[in-house]
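A short write-up of the structure that comes next.
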Number of protein chains: 2
Amino acid sequence: MEIVDLSTLPDSEVRYTEFLRQICEKHDMDHAAYAGMNPAAGTVAGFVTYDDAWNEHYQKQGLIMIDPTIHMARRSIAPVDWSRLERSPDFQRVFRDAHDFGLPSQGVTIPIRGPYGDIGLLSATRNCSKEEWRKLYTNFIGDLQAMAVHIHDNVVSSDQLTGALYHPTLSSREAEILQWVAAGKSQQDIGDILSISHRTVEVHLRSSREKLSALTTPQAVGRAIAIGLITPG
Amino acid sequence: MEIVDLSTLPDSEVRYTEFLRQICEKHDMDHAAYAGMNPAAGTVAGFVTYDDAWNEHYQKQGLIMIDPTIHMARRSIAPVDWSRLERSPDFQRVFRDAHDFGLPSQGVTIPIRGPYGDIGLLSATRNCSKEEWRKLYTNFIGDLQAMAVHIHDNVVSSDQLTGALYHPTLSSREAEILQWVAAGKSQQDIGDILSISHRTVEVHLRSSREKLSALTTPQAVGRAIAIGLITPG
DNA sequence: TTTTCTATTGGGGGATTCCCGTATTTTGGC
DNA sequence: GCCAAAATACGGGAATCCCCCAATAGAAAA
């Protein structure tokens with residue numbers, strides 16, 4: 001097994017779809033798709049090997065809003081075998097359409113999460129009998145898992161690195177205090193913890209809000225978590 | 001390859017360490033360890049195949065606080081090969097001790113994140129040459145990835161406190177209001193927007209906090225964003 | 001060196017949030 | 001249908017937060 005190092009390839013859009021195509025080849029898949037969501041930047045990146053016709057239909061019909069593979073995978077740790085969703089009405093809605101475009105309704109979606117709330121979904125489909133699918137599943141799932149990590153890691157780090165320049169930086173004290181706030185501590189608590197006045201805590205909090213262009217502390221905490229300056233407590 | 005279904009085995013503590021032992025056997029590893037952290041519940045679950053002597057030393061010396069493999073993996077998407085940390089002073093501190101207990105300083109830690117801020121770390125160590133390690137790496141990393149997902153998924157869903165937190169659903173009104181809070185609106189603002197009393201807004205906010213097991217609104221917003229119930233505003 | 005800027009620390013007082021109640025409507029289980 | 005639980009809605013008063021003010025130490029710029 002060989003993992004192509006994505007970071008050595010030239011252009012992003014092309015190299016990601018090419019990477020997906022390689023995954024298909026290696027495991028005899030019909031199609032592969034990746035969707036990466038970065039709540040910090042509010043961006044969604046998608047790369048697919050599907051035909052343009054299906055992509056357009058998918059977009060136009062707003063199928064992403066009801067696609068159960070996405071909803072399920074967003075809330076799951078483990079890979080989601082689409083067969084588990086077969087009885088969902090939304091599934092039938094989406095895959096009846098998919099079938100018209102010649103796409104198989106057999107596949108798996110692997111969720112990958114980064115430390116900053118970012119989520120990547122790698123899906124792969126293959127048209128074969130259920131027995132065959134089941135038999136192959138345990139063989140390729142580990143590799144797909146590694147592929148999903150690889151592509152997601154590359155997408156977000158290239159995205160966040162560029163985005164990092166536009167994001168504010170908190171002083172260590174500010175980040176420290178905001179982290180305690182995110183952990184549910186009151187200003188008085190934090191003052192006691194850090195052995196400073198709760199007034200001082202508030203000033204740091206205020207400058208944190210200003211740096212994050214937040215109107216309120218909850219908004220500041222939300223942004224700081226989304227950006228990755230602090231972690232949810 | 002065969003994945004032993006953890007949920008079918010009897011007792012938790014035993015079955016997890018047994019699972020780790022099987023991982024070791026399959027991939028010729030010396031030791032394996034899993035640590036699962038649930039920041040929301042504040043719980044940490046750990047299972048290891050190390051000797052008790054090392055465990056005790058590790059605990060007693062508070063090595064978990066400085067262990068760079070943990071710190072690094074907590075912030076990473078991809079597996080962390082320990083060789084990347086060799087020059088860290090903390091690494092040398094921890095693994096000088098480890099060496100005294102006969103543990104190899106070659107290993108990898110795989111981070112797995114769930115949708116609710118929970119993190120699982122699966123580590124595996126093996127005493128061999130660097131060349132051999134490198135050569136084997138691409139072979140077992142995919143499988144280890146799948147194993148990490150499997151064990152973390154099981155631990156998290158069997159943890160009762162987590163289980164409760166794991167499916168927090170906000171009512172539409174609660175999510176709507178929390179979303180406005182994350183957008184920096186005050187309770188009065190939100191009341192005006194939704195044409196209800198700001199008192200009512202506060203009640204929904206309170207039940208949101210309770211459902212998210214949050215002590216404060218900022219903490220609730222942070223968690224809701226981390227979970228994906230709302231988006232940063 | 002002097003100036004300027006930022007990080008840090010602190011107080012008073014008004015605004016906001018939060019905890020304590022209550023009540024009506026909707027939902028879900030038996 | 002009935003009852004329990006949750007969702008929705010509102011208010012008083014205490015606790016907390018947030019905006020105004022000022023001050024010092026240290027770093028960077030002049």
Rounded distance in Å - [atom1] ([X]) to [atom2] ([N]):
{"X": "A:Glu210", "N": "C:dT8", "atom1": "CD", "atom2": "C1'", "value": "14 Å"}
{"X": "B:His198", "N": "C:dC19", "atom1": "NE2", "atom2": "P", "value": "16 Å"}
{"X": "B:His204", "N": "D:dG11", "atom1": "NE2", "atom2": "C1'", "value": "15 Å"}
{"X": "A:Leu178", "N": "D:dC17", "atom1": "CG", "atom2": "C1'", "value": "15 Å"}
{"X": "B:Ile190", "N": "C:dC18", "atom1": "CD1", "atom2": "P", "value": "11 Å"}
{"X": "A:Trp180", "N": "D:dC17", "atom1": "CH2", "atom2": "P", "value": "15 Å"}
{"X": "B:Arg206", "N": "D:dC10", "atom1": "CZ", "atom2": "P", "value": "14 Å"}
{"X": "B:Leu215", "N": "C:dC19", "atom1": "CG", "atom2": "C1'", "value": "14 Å"}

Heavy-atom check, side chain of A:Phe91 versus side chain of A:Trp82, under 4.5 Å: yes
Minimum-distance pair of heavy atoms, taken over all atoms of B:Ile110 and B:Pro79: CG1-CB, 3.9 Å
Think [X] has a side-chain N or O under 4.0 angstrom from the OP1 or OP2 of [N]?
{"X": "A:Thr217", "N": "D:dC18", "answer": "yes"}
{"X": "B:Ser207", "N": "D:dA6", "answer": "no"}
{"X": "B:Thr200", "N": "D:dC10", "answer": "yes"}
{"X": "A:Lys211", "N": "C:dA7", "answer": "yes"}
{"X": "B:Ser197", "N": "D:dG11", "answer": "yes"}

Most 5' of B:Val203 and B:Thr216 on DNA chain C, judged by nearest nucleotide: B:Thr216
Have a look at A:Arg173 and say if it touches a base, only the backbone sugar-phosphate, or nothing, with a 4.0 Å heavy-atom cut-off. sugar-phosphate
B:Ser172 has its side chain closest, among D:dT8, D:dC19, D:dC10, to D:dT8
Residue A:Leu205, side-chain heavy atoms: nucleotide from D:dA7, D:dC18, D:dA9 that is nearest: D:dC18
Verify the distance criterion only: is there a donor paired with an acceptor across the side chains of A:Gln59 and A:Asn55 at less than 3.5 Å? no
Indicate whether the side chain of B:Asp90 and that of B:Ser88 have a donor and an acceptor atom separated by less than 3.5 Å. no
Between atom CD of A:Glu56 and atom CZ of A:Phe101, what is the distance when rounded to the nearest 0.5 Å? 8.5 Å
Please check if the number of heavy atoms outside A:Arg134 that lie under 6.0 Å from its CZ is greater than 12. no
Do other residues, nucleotides or ligands put more than 12 heavy atoms under 6.0 Å from B:Gln92 CD? yes
Hey, what are the protein-to-nucleotides 12-16 of chain D N/O distances that come in under 3.5 Å?
from   : atom 1 : to       : atom 2 : distance (Å)
D:dG12 : N7     : B:Arg199 : NH1    : 2.9
D:dG12 : N7     : B:Arg199 : NH2    : 3.2
D:dG12 : O6     : B:Arg199 : NH1    : 2.9
D:dG13 : O6     : B:Arg199 : NH1    : 2.8

